[in-house]
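This report refers to the structure that appears directly beneath it.
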Amino acid sequence: MSEYKFSEDQEKEIASILAKYPFKTSALLPLLTLVQRADQVVSPEAMVAIGKRLDVSPAYVQSVLSFYTMYHTEKVGKYMILFCINISCQLNGSDKLLEHTAKKLNIKVGETTFDEKFTLHREECLAACTEAPMMRVNDTYYGDLTEQRIDQIIDSLD
Amino acid sequence: MTQILFKDINKEGLHTMKVYEELGGYQSLKKAFAQKPDEIVAAVKASGLRGRGGAGFPTGLKWSFLAKDVFPRYLCCNADESEPGTCKDRELLLKNPHLLIEGMILCSYACQIETGYIYMRGEFHDLSFIMDKALEEARAKGYLGKNIMGTGFNLDIHTHLGAGAYICGEESALLNSLEGGRGEPRMKPPFPAVEGLYSKPTVINNVETLCVVPYIVNEGAEKYASLGTEKSKGTKLVSVSGHVKKPGNYEIEMGTPTSELIYNLAGGIRNDNKLKAFIPGGSSVPMLPADKVDTPYDYESLAAAGTMLGSGALIVIDDSVNIVETTLRLISFYMHESCGKCTPCREGTRWLYQIVERIMQNKGQLDYIEKLEDICGNMSFKTFCPLADACVAPVVSSIKHFRSDYEEYFKNVGVSS
């Protein structure tokens, strides 16, 4: 296993993250997020590097990582589509719209497109219930979805 | 209707220090710093403010429970908003971040806290930039940092992002997550006021709760207490979603009839369908049938009607829906989010899901409803945190009020679905 190297910018960010907390283990989630934002996944090498930085074992890092749904250890698409299917969205037709989205991307829910551009996931409530049905693509929320609007959104991403 | 939190919510630029201060922001600090910390705690107690996150615990009382003379103490703002149906805090964070900061400064001064964290759900990554920017502005103005406004009081506040786990909205799970661990709930007691973050006395309050505090300091506890009902004081943000024409977050005075929220503020039922059911306080509270729609929206009246005010998320369901379908979706959510620590919850949520799924596949047997009730009885109050009870609520209430929806499926037993 090769050694994971943080970039210079990342080192700066790590320093400012560590400064927030009296105990450095608190920086675990922020560091995992930092790595994933750069690499799209958290690799075993990165887990070792983060563990070293925070004085915890790689196994501990992995046990925490596996608890949270937002971390990925396997390759995902450039655009992560999280489609809310919880109650307010369900009442407003999200099941059909999710089916439509999967068909449009020609994948099943949970899969990544062949060109590694899109990954589609079912998601629990994203706290935008008044805009239901909604989805989140990377960091952007899209509400009041219809089939046409979904097509437009997907087509506009490159 | 009196607006406290949403008074200026749609003013252009409200998220900036300049506009916020022009509208009277941060005025409460001077007033507060002229008083002793205990006086602020007493005022919050007198105001009757109760926690707006879901449990409704009196805020001033919570603050007064902090272990005496143990320092450092911490403040954690719970911005993990993830109760299905709830999206009020997101609107506050997005449009009025300084109001939260002002509230957190007041709370910290009252409780002699020098470090505060805003725990935001991971999906709020974008909002954390808005919050960080606002915190930076507050530091530049000297509202945060060392020796704030010459009082000798020090405070800094940081944002902290979760990474996708509903359970982290439970306060002790939130603390574990903030310490860099798996978000599993802790055994209570000790309560966070005694042993919280890093085993130190900790105040944990919801975004909306903290946002009310500047009003109490500015206008006085009496004025706040004069709003609402005798026991449910003040105003409440309610997220109205589901089958309504104008879904949205609305600020109402406690005690406003639920029908006013549905038919007036939210514009009534879509397609002019008929109301079938509503869930008044987020997916974790029991649902009510349409004939309870005039129930006043406050803690006591909703409790008397057999449900709870919860986080203030009113989910409206019209008569085009079979309630069993809605119930299955909610069970599926809790099954997914159960952290797996307590057996009744880990196994119970799964069993409920399997049974209701079989009913919907026309494979049910007549004793399935009794089985569901039996499992629910073995989940309630048998776990570290209330997630199991939250899963039980829609099941028990849907059987109580909409048994006929279950029976629909029994008519077709054996018919493939």
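In what follows, chains are A, B, ... by sequence order, proteins preceding strands, each numbered from 1. All values below were derived from every heavy atom in this structure, side-chain atoms included, with hydrogens, water molecules and symmetry-related copies excluded. All values reported here derive from a predicted model rather than from experimental measurement.
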### Considering all heavy atoms, the nearest C129(A)-C87(B) contact
N-SG, 3.6 Å
### Query
Measuring heavy-atom distances to chain A, does V244(B) have an atom under 4.5 Å in its side chain, in its backbone, in both, or in neither?
neither
## Note on the structure
The interface call for N249(B) against chain A, heavy-atom contacts under 4.5 Å, is both
### Task
Identify which of S239(B), S177(B), G162(B) forms the greatest number of heavy-atom pairs closer than 4.5 Å to chain A.
S177(B)
### Task
Select one option (side chain, backbone, both, neither) describing which atoms of Y250(B) are under 4.5 Å from chain A's heavy atoms.
neither
### Query
Okay, side chain of S88(A), backbone of S241(B): is any donor-acceptor separation there less than 3.5 Å?
no
### Query
G164(B) and M70(A): which non-hydrogen atoms are nearest, and at how many Å?
N-SD, 3.6 Å
### Query
Do E124(A) and R329(B) meet the salt-bridge criterion of a basic N to acidic O distance under 4.0 Å?
no
### Query
Is chain B contacted by the side chain of R122(A), its backbone, both, or neither, given a heavy-atom distance below 4.5 Å?
neither
### Message
The test is side-chain contact (heavy atoms from CB on, under 4.5 Å); show your working for V240(B) and T130(A) and say whether it passes.
### Response
CA-CA 7 Å; V240(B) 189; T130(A) 54; 6.0 Å; no
### Query
For D95(A), is it the side chain, the backbone, both or neither that has a heavy atom under 4.5 Å from a heavy atom of chain B?
side chain
## Note on the structure
Rounding to 0.5 Å, atoms CZ (F67(A)) and CG (N176(B)) come to a distance of 9.0 Å
### Query
What part of T159(B) is in contact with chain A, defined as an atom under 4.5 angstrom from a non-hydrogen atom: side chain, backbone, both or neither?
both
### Message
For a quick test of reading the model, state the closest non-hydrogen atom pair linking H336(B) to T69(A) and the distance between them.
### Response
CE1-CG2, 4.0 Å
### Message
For residues 107-121 of chain A, give me every residue with a non-hydrogen atom less than 4.5 Å from any non-hydrogen atom of chain B.
### Response
none
### Message
Less than 4.5 Å to any heavy atom of chain B: does that hold for the side chain of E123(A), its backbone, both, or neither?
### Response
side chain
#### Entry: Closest non-hydrogen atom pair, N86(A) against F333(B)
ND2-CD1, 3.2 Å
### Query
Which answer fits E83(B), side chain, backbone, both or neither, if we ask what part of it has an atom under 4.5 Å from a heavy atom of chain A?
backbone
### Message
Less than 4.5 Å to any heavy atom of chain B: does that hold for the side chain of L65(A), its backbone, both, or neither?
### Response
neither
### Task
Identify which part of Y166(B) has an atom lying under 4.5 Å from any heavy atom of chain A, answering side chain, backbone, both or neither.
neither
### Message
Which atoms of I167(B) are under 4.5 Å from chain A, going by heavy atoms: the side chain, the backbone, both sets, or neither?
### Response
side chain
### Query
Taking atom CD of E357(B) as the centre, does the number of heavy atoms from other residues, nucleotides or ligands within less than 6.0 Å exceed 12?
yes
### Query
So is R182(B) actually on top of Y60(A)'s ring, under 6.0 Å and inside 45° of the axis?
no
#### Entry: Whether over 12 other heavy atoms sit under 6.0 Å from K52(A) NZ
no
### Task
Given side-chain contact (heavy atoms from CB on, under 4.5 Å), test R121(B) with L126(A) step by step and report yes or no.
CA-CA 9 Å; R121(B) 61 182 295 176; L126(A) 287 159; 4.0 Å; yes
#### Entry: Separation of E131(A) CD from R90(B) CZ (nearest 0.5 Å)
5.0 Å
### Task
Would you please say whether a donor-acceptor pair under 3.5 Å links the side chains of Y21(A) and H158(B)?
no
### Query
How close do Y68(A) and A163(B) get, heavy atom to heavy atom, and via which atoms?
CB-O, 3.3 Å
### Task
Measure the CG-SG distance between L29(A) and C168(B) for me, rounded to the nearest 0.5 Å.
8.0 Å
### Task
Would you give the length of the straight line joining atom CG of L328(B) to atom CD of Q90(A), rounded to the nearest 0.5 angstrom?
8.5 Å
### Side chain / backbone / both / neither for L161(B) at chain A, heavy atoms under 4.5 Å
backbone
### Part of A132(A) lying under 4.5 Å from any heavy atom of chain B
neither
### Summary
Per-residue tally against chain B (heavy atom, under 4.5 Å) across L28(A), I87(A), L54(A) peaks at I87(A)
#### Entry: Approximate separation, where rounding is to 0.5 Å, of E123(B) CD and C125(A) SG
9.5 Å
### Query
Any idea which heavy atoms bring N92(A) and H243(B) closest together, and the distance?
OD1-CD2, 4.4 Å
### Segment of T326(B) engaging chain A (4.5 angstrom heavy-atom cut-off)
both
### Message
Check this for me: E11(A), atom CD, are more than 12 non-hydrogen atoms of other residues, nucleotides or ligands nearer than 6.0 Å?
### Response
yes
### Task
Ignoring hydrogens and angles, state whether a donor on the side chain of S26(A) or Y117(B) is under 3.5 Å from an acceptor on the partner side chain.
no
## Note on the structure
Ranking L197(B), L330(B), V321(B) by heavy-atom pairs under 4.5 Å to chain A gives rank one to L330(B)
## Note on the structure
If you tally heavy-atom pairs under 4.5 Å between each of G183(B), S332(B), S320(B) and chain A, the highest tally belongs to G183(B)
